Amino acid sequence: MKVQSIRGTHDILPGSVELWQEIERTARDLFGLYGYAEIRTPVLEETELFARSIGIETDIVRKEMYTIEDSKGKSITLRPEGTAPVVRSYIENGVSSEVPVAKLYYIGPMFRHERPQKGRYRQFHQIGAEVLGSDNPAIEAEVIEMLFRLLQALGLQDFTLLINSVGCPVCRPAYVDRLREELRTRAGELCEECRRRTETNPLRVLDCKVPTCQPAIDQLPAIADWLCPECREHFSLFQKYLKSQEIPATTAPRLVRGLDYYVRTTFEIVSGRLGPTQNALVGGGRYDGLSELIGGPPAKGFGFAMGMERLVLLLSGRADLGAPYKPPAPEIFLVHLDQPAFEHNLGLASELRKAGIFAYVDFEGKSIKSQMRQANRLNARFTCVVGESELQTGQMTLKRMADGSQTTLKRIEIAEYLRKEK
Ligand code: AMP
């Protein structure tokens, strides 16, 4: 039986990986300008971390987590998202006592047992950033500005920022009660899942994608009309800061998070090109109650997670991409005529690499002809044929492949010559 990759996972091969590297490099450079430091947390965490933070009632915890019992009977889970691990680490390592506002970013794989389809995988990757220790709406606008700059730097144009406020423990309960009442009167127009959520978590009905539920959902009261004066002020300041950075935003009354620790600002970046149901590229928001929920001190938090596969999908139309993969071209291809020359070339290649030069030695090619063919195929800039006489005289001839011109040098002069030629 042929062993294959697991359903919902995918390889990132040479030819594609360069774009991933570019995304990561651009993100790291840009996030650095905004004061973010990278954090790397383990891929495995105690199941309890996600059960408490994401919530027992969510699809992720109910059916999508890769959970195993270790040999001592402890339940551990492959992380389905990055925020809870970052907050856990922030608490565990006492970061709050070192810096008043911690700015952290992560890049890495996440795992969810979802039904695989275009843009949806079981192992996927996220770039995320979290600000801990501030509830200033200006910092929220700064995070979004940073995201916009990242997407623009990568050449993405057609995306939309959706924003909303989900209120706070002061104003939300009255809205949720009102929503539940309204949903009960419309039960006949709703799917079974929505009817269940009417009782367990009415906010999540607003997320429902079932087409037949949409007319009823469109008639539901909007949370914006129920915000307390503090939440209203916070949201209008957030919008003001976005505007002053010239960031266009669309208010989306149905954009909510169904968990109590999410407060105030919530946002998504969507693109029509991702398809009707899987259209979110970025999800984010404020989660001031999360730290306490997992046993930490009170800590204000705001952050986002961006799906890298979806970003790659959107960028794959970029004009400079799509060329077939070519292995990197060597600066110099060292051709050997016999075994002593081969051994000499191994040493010379090693020396050249120490000097920062990409030198190539062929391990398979038997004849000089086949080595030259390989040098051509790799698009080497120079070749150098080494045989008995080169070893005796210590003089080597470098051939520039583009025009066939030749230069004879002492072995120790080669590195310097090639460096100048670069
Ligand atoms: P979430 O943590 O669910 O808010 O997701 C944040 C972002 O991660 C989404 O907007 C997607 O871009 C990406 N994402 C979430 N789940 C998947 C998945 N199964 N496959 C690929 N990308 C995903």
Side-chain angles (χ1 to χ4, degrees), residues 5-12 16 20 23-24 27 41 43 45 49-51 53-55 57-66 77-87 105-130 143-144 147-148 150-151 154 156 158-164 166 203-204 206-209 252 254-259 261-262 265-287 290 301-316:
S5 65
I6 292 173
R7 191 165 125 83
T9 69
H10 61 106
D11 302 308
I12 307 170
S16 308
W20 287 75
I23 294 170
E24 290 168 14
T41 63
V43 162
E45 295 275 0
L49 174 66
F50 303 113
S53 61
I54 303 173
E57 258 299 307
T58 56
D59 288 349
I60 294 183
V61 173
R62 273 176 52 215
K63 47 192 189 209
E64 292 171 5
M65 293 205 303
Y66 282 92
T77 291
L78 281 170
R79 62 179 183 197
E81 59 98 43
T83 304
V86 169
V87 175
Y105 77 88
Y106 58 86
I107 301 177
M110 307 293 159
F111 306 84
R112 293 183 198 172
H113 196 271
E114 296 188 86
R115 199 165 52 79
Q117 53 180 261
K118 188 175 164 218
R120 202 210 268 158
Y121 300 90
R122 291 181 170 169
Q123 175 174 339
F124 59 99
H125 299 77
Q126 288 183 336
I127 295 187
E130 317 288 350
V143 167
I144 290 172
L147 255 171
F148 264 58
L150 174 62
L151 297 178
L154 291 167
L156 198 70
D158 50 345
F159 55 87
T160 306
L161 170 66
L162 304 177
I163 57 168
N164 197 19
V166 292
L203 274 181
R204 297 216 48 222
L206 298 172
D207 271 346
C208 178
K209 302 278 190 295
R254 283 175 56 174
L255 186 63
V256 291
R257 307 260 155 179
L259 297 165
Y261 66 84
Y262 279 113
T265 311
T266 177
F267 75 97
E268 267 182 12
I269 294 179
V270 296
S271 166
R273 280 199 290 131
L274 285 171
T277 52
Q278 228 75 251
N279 69 350
L281 172 64
V282 182
R286 173 160 291 288
Y287 49 83
L290 176 55
F302 183 80
F304 70 82
M306 169 162 64
M308 293 182 75
E309 280 77 4
R310 293 192 194 170
L311 179 60
V312 166
L313 207 68
L314 289 174
L315 291 176
S316 55

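Both counts, for ligands and for their atoms, begin at 1 and track the order of listing. Note that the structure is a prediction, hence the values are computed from the model and not measured. Heads up: numbering here begins at 1 and tracks the sequence.
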Rounded distance (nearest 0.5 Å) linking atom CZ of F267 with atom CG of L161
7.0 Å
Which protein non-hydrogen atom lies closest to atom 19 (N) of ligand 1, naming both residue and atom, and how far is it?
E114 OE2, 2.6 Å
Give, for atom CZ of R273 and atom CZ of R310, the distance between the pair rounded to the nearest 0.5 Å.
14.0 Å
Of all the atoms in ligand 1, which lie at a distance below 4.0 Å from a heavy atom belonging to A305?
6 (C), 7 (C)
Heavy-atom nearest neighbour in the protein, as seen from atom 3 (O) of ligand 1, with distance rounded to 0.1 Å:
R112 NH1, 2.9 Å
What's the verdict on side-chain contact (heavy atoms from CB on, under 4.5 Å) for E268 and L255, showing C-alpha distance, side-chain angles and the deciding distance?
CA-CA 8 Å; E268 267 182 12; L255 186 63; 3.5 Å; yes
Please state whether E309 comes within less than 4.0 angstrom of ligand 1, counting heavy atoms only.
no
Close side-chain approach of I107 to M308, heavy-atom, < 4.5 Å:
yes
Has ligand 1 got any nitrogen or oxygen that is less than 3.5 angstrom from a nitrogen or oxygen of L281?
yes
For G119, take its heavy atoms, then give the atoms of ligand 1 lying under 4.0 Å from any of them.
20 (N), 21 (C), 22 (N)
In the protein, what heavy atom is nearest to atom 22 (N) of ligand 1, and what distance, to one decimal place, separates them?
F124 CD1, 3.6 Å
Output, in order, the C-alpha distance, side-chain angles, deciding distance and verdict of side-chain contact (heavy atoms from CB on, under 4.5 Å) for T77 and F111.
CA-CA 9 Å; T77 291; F111 306 84; over 6 Å; no
Quick one: nearest non-hydrogen protein atom to atom 20 (N) of ligand 1, plus distance?
Y121 N, 2.9 Å
Between W20 and H10, how do the two ring planes meet: parallel, tilted or perpendicular, split at 30° and 60°?
tilted
If you scan protein heavy atoms around atom 5 (O) of ligand 1, the nearest is Q126 NE2, 3.6 Å
For ligand 1, the portion of V282 having any non-hydrogen atom under 4.0 Å away
backbone
Give the residue and atom name of whichever protein heavy atom lies nearest to atom 13 (C) of ligand 1, and the separation in Å to one decimal.
G307 CA, 3.5 Å
How far does CD of E64 sit from CZ of F50, to the nearest 0.5 angstrom?
13.5 Å
Output all residues satisfying side chain to side chain donor-acceptor pair (under 3.5 Å) with T265, sequence neighbours left out; order by chain, then residue number.
E140
Atom 10 (O) of ligand 1: closest protein heavy atom, distance to 0.1 Å, is A280 O, 3.1 Å
Close side-chain approach of V166 and L203, heavy atoms under 4.5 Å:
no
Which residue and heavy atom of the protein sit nearest atom 4 (O) of ligand 1, plus the separation:
R257 NH1, 4.2 Å
